[in-house]
Visitor: 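Structure incoming, see below.
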Amino acid sequence: MSVSLTIDAIDDADVEPVVALWQRCGLTRPWNDPHADIALARRRDNSTVLIGRDGGTIVATAMVGHDGHRGWVYYVAVDPDGRKRGYGRVIMAAAEDWLRQAGILKLQLLVRRENAQANAFYQSLGFEESTSVMFQKWLDGRASTT
Ligand SMILES: CC(C)(COP(=O)(O)OP(=O)(O)OC[C@H]1O[C@@H](n2cnc3c(N)ncnc32)[C@H](O)[C@@H]1OP(=O)(O)O)[C@@H](O)C(=O)NCCC(=O)NCCS
């Protein structure tokens with residue numbers, strides 16, 4: 001199956017449709033303001049939100065960035081009406097290319113264990129489960145979230 005998307009970095013006019021897409025995909029969380037997350041990802045050149053369009057319509061996104069050593073993706077989303085057509089594979093390939101161009105050699109990502117479809121998706125794309133344990137701490141003093 002071969003699909004092609006037009007890939008661009010997010011622009012001002014894309015913000016509301018992208019937030020709406022993330023909401024439709026169940027990716028927003030009470031403790032993450034998606035508008036603030038997008039603004040932060042756009043603030044410096046080590047991160048962005050990539051958008052995939054099919055015929056002008058936004059169908060896929062991936063927030064991609066690096067910390068100077070490893071690359072990370074968040075908000076990987078494909079419109080529920082467009083799934084299982086290869087859009088997810090294409091937007092992830094774009095994120096990988098973006099990181100390679102930044103000189104980053106390894107991509108890491110977090111998936112909730114109960115998200116079976118995402119676990120299967122990343123395994124199909126050649127990702128393997130890490131043996132490392134992730135530790136986390138909020139830096140604004142709030143109590144822990146899951
Ligand atoms: C996960 C998601 C991005 C996949 O997007 P998609 O466009 O349907 O994926 P693709 O069509 O590109 O599929 C790529 C591969 O993943 C596999 N895959 C995708 N969804 C799958 C599912 N639900 N179950 C099993 N395998 C799946 C496909 O079979 C395909 O494998 P193949 O090429 O070896 O046949 C999409 O389901 C989504 O947006 N989910 C909700 C948001 C989410 O959970 N994001 C991840 C947060 S960590």
Side-chain angles (χ1 to χ4, degrees), residues 1 3 5-53 58-146:
M1 183 168 50
V3 290
L5 297 179
T6 305
I7 308 284
D8 291 300
I10 192 169
D11 213 336
D12 289 347
D14 304 319
V15 172
E16 292 311 323
V18 163
V19 170
L21 173 65
W22 291 351
Q23 285 166 345
R24 280 203 303 286
C25 291
L27 285 178
T28 51
R29 295 283 178 270
W31 55 86
N32 289 338
D33 172 359
H35 293 90
D37 288 349
I38 292 170
L40 194 55
R42 296 177 72 191
R43 204 167 71 175
R44 304 208 199 287
D45 63 6
N46 65 316
S47 56
T48 188
V49 180
L50 296 178
I51 293 179
R53 287 186 177 82
I58 296 173
V59 294
T61 68
M63 179 182 283
V64 59
H66 69 84
D67 51 25
H69 184 53
R70 298 303 188 209
W72 292 89
V73 289
Y74 301 90
Y75 290 112
V76 175
V78 168
D79 191 290
D81 293 334
R83 292 194 184 155
K84 300 280 187 81
R85 291 182 203 168
Y87 291 157
R89 187 180 283 280
V90 171
I91 199 73
M92 282 297 295
E96 291 176 20
D97 285 344
W98 189 96
L99 288 166
R100 274 188 211 97
Q101 281 170 22
I104 299 295
L105 297 179
K106 190 177 184 189
L107 170 54
Q108 304 180 155
L109 55 90
L110 302 172
V111 190
R112 289 176 176 275
R113 280 196 193 282
E114 63 270 22
N115 191 345
Q117 63 174 8
N119 279 277
F121 169 69
Y122 290 121
Q123 279 182 18
S124 289
L125 268 54
F127 287 79
E128 56 187 9
E129 191 175 328
S130 170
T131 54
S132 300
V133 176
M134 189 184 78
F135 286 87
Q136 60 186 15
K137 179 184 181 182
W138 286 100
L139 302 181
D140 59 3
R142 78 179 81 175
S144 172
T145 50
T146 51

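We count residues from 1, following the sequence as given. Heavy atoms only: backbone and side chains are in, while hydrogens, waters and symmetry mates are out.
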Visitor: If you round to the nearest 0.5 Å, how far is CG of Leu21 from CD1 of Ile58?
Guide: 7.5 Å
Visitor: Can you see which heavy atom on Arg70 is nearest to which on Ile104, and at what distance?
Guide: C-CG2, 3.8 Å
Visitor: Taking Thr61 for its side chain and Val78 for its backbone only, find out whether a donor-acceptor pair lies under 3.5 Å.
Guide: no
Visitor: Looking only at heavy atoms, what is the nearest atom pair of Ala95 and Val73, with distance?
Guide: CB-CG1, 3.9 Å
Visitor: Quick one: does Asp11's side chain have a donor or acceptor within less than 3.5 Å of a partner on Ala13's backbone?
Guide: no
Visitor: Considering non-hydrogen atoms only, spot the tightest contact between Leu27 and Ala77 and give its length.
Guide: CD1-CB, 3.5 Å
Visitor: Output the distance between atom CG (Leu50) and atom CG (Leu5), rounded to the nearest 0.5 Å.
Guide: 11.5 Å
Visitor: Given side chain to side chain contact (heavy atoms under 4.5 Å, CB included), test Tyr74 with Val64 step by step and report yes or no.
Guide: CA-CA 7 Å; Tyr74 301 90; Val64 59; over 6 Å; no
Visitor: Looking at Ala41, is its backbone amide N or carbonyl O close enough to the side chain of Ser47 to form a donor-acceptor pair, meaning the two atoms are under 3.5 Å apart?
Guide: yes
Visitor: Could you report the tightest heavy-atom contact between Ala9 and Asp14, atom names first, then the distance?
Guide: O-OD2, 4.3 Å
Visitor: Quick one: pull up CZ in Phe127 and CZ in Phe121 and give me the separation to the nearest 0.5 Å.
Guide: 8.0 Å
Visitor: Taking Arg142 for the side chain and Leu139 for the main chain, is one N or O donor matched with an acceptor at less than 3.5 Å?
Guide: no
Visitor: May I have all residue pairs that pass side-chain hydrogen bond (donor to acceptor under 3.5 Å, both in side chains) and include part of residues 87-106, sequence neighbours excluded?
Guide: Asp54-Tyr87, Glu96-Arg100, Asp97-Arg100
Visitor: To the nearest 0.5 Å, what is the distance between OH on Tyr75 and CE on Met63?
Guide: 6.0 Å
Visitor: Does Glu114, at its CD atom, have more than 12 non-hydrogen atoms belonging to other residues, nucleotides or ligands within less than 6.0 Å?
Guide: yes
Visitor: The test is side chain to side chain contact (heavy atoms under 4.5 Å, CB included); show your working for Asp8 and Arg53 and say whether it passes.
Guide: CA-CA 8 Å; Asp8 291 300; Arg53 287 186 177 82; 3.5 Å; yes
Visitor: If you apply the rule side chain to side chain contact (heavy atoms under 4.5 Å, CB included), what do you find for Gln123 with Glu128, and how did you get there?
Guide: CA-CA 6 Å; Gln123 279 182 18; Glu128 56 187 9; over 6 Å; no
Visitor: Taking salt bridge (Lys or Arg N to Asp or Glu O under 4.0 Å) as the test, write out the residues that go with Arg43, two or more places apart.
Guide: none
Visitor: When you measure from the side chain of Asn46 to the backbone N and O of His66, does any donor-acceptor pair fall under 3.5 Å?
Guide: yes
Visitor: Given Leu109 and Val111, is the side chain to side chain contact (heavy atoms under 4.5 Å, CB included) satisfied, shown in steps?
Guide: CA-CA 7 Å; Leu109 55 90; Val111 190; 3.3 Å; yes
Visitor: Is the side chain of Ser130 donor-acceptor paired with the backbone N or O of Ser132 at a distance under 3.5 Å, no angle test?
Guide: yes
Visitor: Enter the distance from Lys137:NZ to Asp140:CG here, rounded to the nearest 0.5 Å.
Guide: 11.5 Å
Visitor: For the backbone of Arg112 and the side chain of Asn119, can you confirm whether one donor and one acceptor N or O come within less than 3.5 Å of each other?
Guide: yes
Visitor: So, for Pro34 and Thr28, which heavy atoms are closest and what is the spacing to 0.1 Å?
Guide: CG-CG2, 3.9 Å
Visitor: Are Met92 and Tyr122 close enough that some pair of their side-chain heavy atoms sits under 4.5 Å apart?
Guide: yes
Visitor: Please step through salt bridge (Lys or Arg N to Asp or Glu O under 4.0 Å) for the pair Asp12 and Arg42, ending with a clear verdict.
Guide: CA-CA 10 Å; Asp12 289 347; Arg42 296 177 72 191; 3.0 Å; yes
Visitor: Enter the distance from Ile10:CD1 to Ile51:CD1 here, rounded to the nearest 0.5 Å.
Guide: 4.0 Å
